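Let me begin by presenting the structure, written as structure tokens, before commenting on it.
Keep in mind the model is a prediction, meaning the values are calculated, not measured. Starting from 1, each residue takes its place in the sequence as its number.
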Amino acid sequence: QVQLVESGGDWVQPGGSLRLSCAASGFAFSTYNMRWYRQAPGKERELVASISTYGGTTHYADSVKGRFTISRDNNKDTVYLQMNSLRPEDTAGYYCNAVFALSQRSSYWGQGTQVTVSS
């Protein structure tokens with residue numbers, strides 16, 4: 001069955017770093033564009049970063065540009081989000097999303113991992 005399992009969320013102090021992982025199974029990972037979303041209480045869901053099938057193209061929300069890096073390892077069927085210089089406003093649930101590259105219609109979601117940035 002299709003699964004996306006996020007991990008790496010934790011509590012961290014402002015200025016700290018975390019690396020989130022999303023392990024995929026049950027589908028052809030390298031044929032899917034991958035995205036990270038986040039949602040904080042009382043706020044709308046935000047697309048944080050995206051990466052194309054073999055990592056050739058990446059996009060970032062303005063709010064994280066220069067601080068976060070999305071990457072993928074197709075041999076491990078895993079997408080990562082390296083988060084540096086974390087701020088309290090980065091506190092949110094972070095969710096992994098897979099979108100079939102050819103149709104841009106099929107979509108899978110993980111359950112999320114919590115990131116909390118505070119002193």
Side-chain angles (χ1 to χ4, degrees):
Q1 69 276 24
V2 171
Q3 281 192 301
L4 293 172
V5 181
E6 300 95 334
S7 62
D10 205 350
W11 172 89
V12 65
Q13 295 187 79
S17 297
L18 287 173
R19 189 178 79 157
L20 306 184
S21 298
C22 173
S25 61
F27 66 99
F29 180 75
S30 64
T31 68
Y32 281 70
N33 296 321
M34 300 299 298
R35 299 167 173 172
W36 285 98
Y37 286 85
R38 68 184 181 187
Q39 187 164 30
K43 296 185 178 180
E44 294 184 346
R45 185 185 65 184
E46 177 185 22
L47 176 60
V48 175
S50 62
I51 187 166
S52 58
T53 53
Y54 284 85
T57 303
T58 57
H59 296 281
Y60 298 92
D62 288 342
S63 57
V64 308
K65 197 169 297 181
R67 300 187 297 120
F68 290 12
T69 303
I70 189 171
S71 62
R72 66 192 295 160
D73 186 341
N74 287 348
N75 291 322
K76 296 181 178 180
D77 289 354
T78 302
V79 63
Y80 305 94
L81 186 67
Q82 178 67 46
M83 305 184 295
N84 299 325
S85 302
L86 283 162
R87 305 166 180 170
E89 53 264 42
D90 296 319
T91 296
Y94 283 73
Y95 300 86
C96 182
N97 172 237
V99 181
F100 187 48
L102 292 181
S103 68
Q104 296 289 305
R105 298 180 72 90
S106 298
S107 183
Y108 305 121
W109 289 87
Q111 291 283 83
T113 187
Q114 179 67 34
V115 172
T116 301
V117 185
S118 70
S119 298

task: Just grab all the disulfide bond (SG atoms under 2.5 Å apart) pairs involving residues 41-88, residues at least two apart or on different chains.
output: none
query: Just wondering, do Thr78 and Tyr80 contact through their side chains at under 4.5 Å, heavy atoms?
result: yes
- request: Supply the atom-to-atom distance Trp11 CH2 to Gln114 CD, rounded to the nearest 0.5 angstrom.
  value: 14.0 Å
query: Closest approach of Ser17 and Ser85, non-hydrogen atoms and distance?
result: OG-N, 4.3 Å
query: With the 4.5 Å side-chain cut-off for hydrophobic clustering, are Val99 and Ile51 part of the same group?
result: no
Exercise answer: donor-acceptor pairs, residues 56-66 side-chain atoms, under 3.5 Å, sequence neighbours excluded:
from: Tyr60; atom 1: OH; to: Ile70; atom 2: N; distance (Å): 2.9
from: Asp62; atom 1: OD1; to: Lys65; atom 2: NZ; distance (Å): 3.2
from: Ser63; atom 1: OG; to: Arg38; atom 2: NH2; distance (Å): 3.3
from: Ser63; atom 1: OG; to: Glu46; atom 2: OE2; distance (Å): 2.8

message: Working to the nearest 0.5 angstrom, can you tell me the gap between Ser107 OG and Asn97 CG?
response: 4.0 Å
task: Take the angle between the ring planes of Trp109 and Tyr37 and call it parallel below 30°, perpendicular above 60°, tilted in between.
output: tilted
- request: State, to 0.1 Å, how close Val115 and Gly9 come at their nearest heavy-atom pair, and which atoms those are.
  value: CG2-CA, 4.1 Å
Please list, one pair per line, the donor and acceptor atoms closer than 3.5 Å that link side chains of residues 21-34 to other protein atoms, with sequence neighbours excluded.
from: Thr31; atom 1: OG1; to: Ala28; atom 2: O; distance (Å): 2.7
from: Asn33; atom 1: OD1; to: Thr53; atom 2: N; distance (Å): 3.2

task: Give a yes or no on whether the backbone of Arg35 and the side-chain of Ser50 come within a donor-acceptor separation of less than 3.5 Å.
output: no
- prompt: So, do Glu6 and Tyr95 sit near enough that their side-chain heavy atoms are less than 4.5 Å apart?
  reply: yes
query: With side chains defined as the heavy atoms from C-beta onward, is the minimum distance between Met83 and Asp90 less than 4.5 Å?
result: no
- prompt: Closest approach of Ala92 and Ala40, non-hydrogen atoms and distance?
  reply: CB-N, 3.9 Å
query: Do Cys96 and Trp36 come within less than 4.5 Å of each other through their side chains, counting heavy atoms only?
result: yes
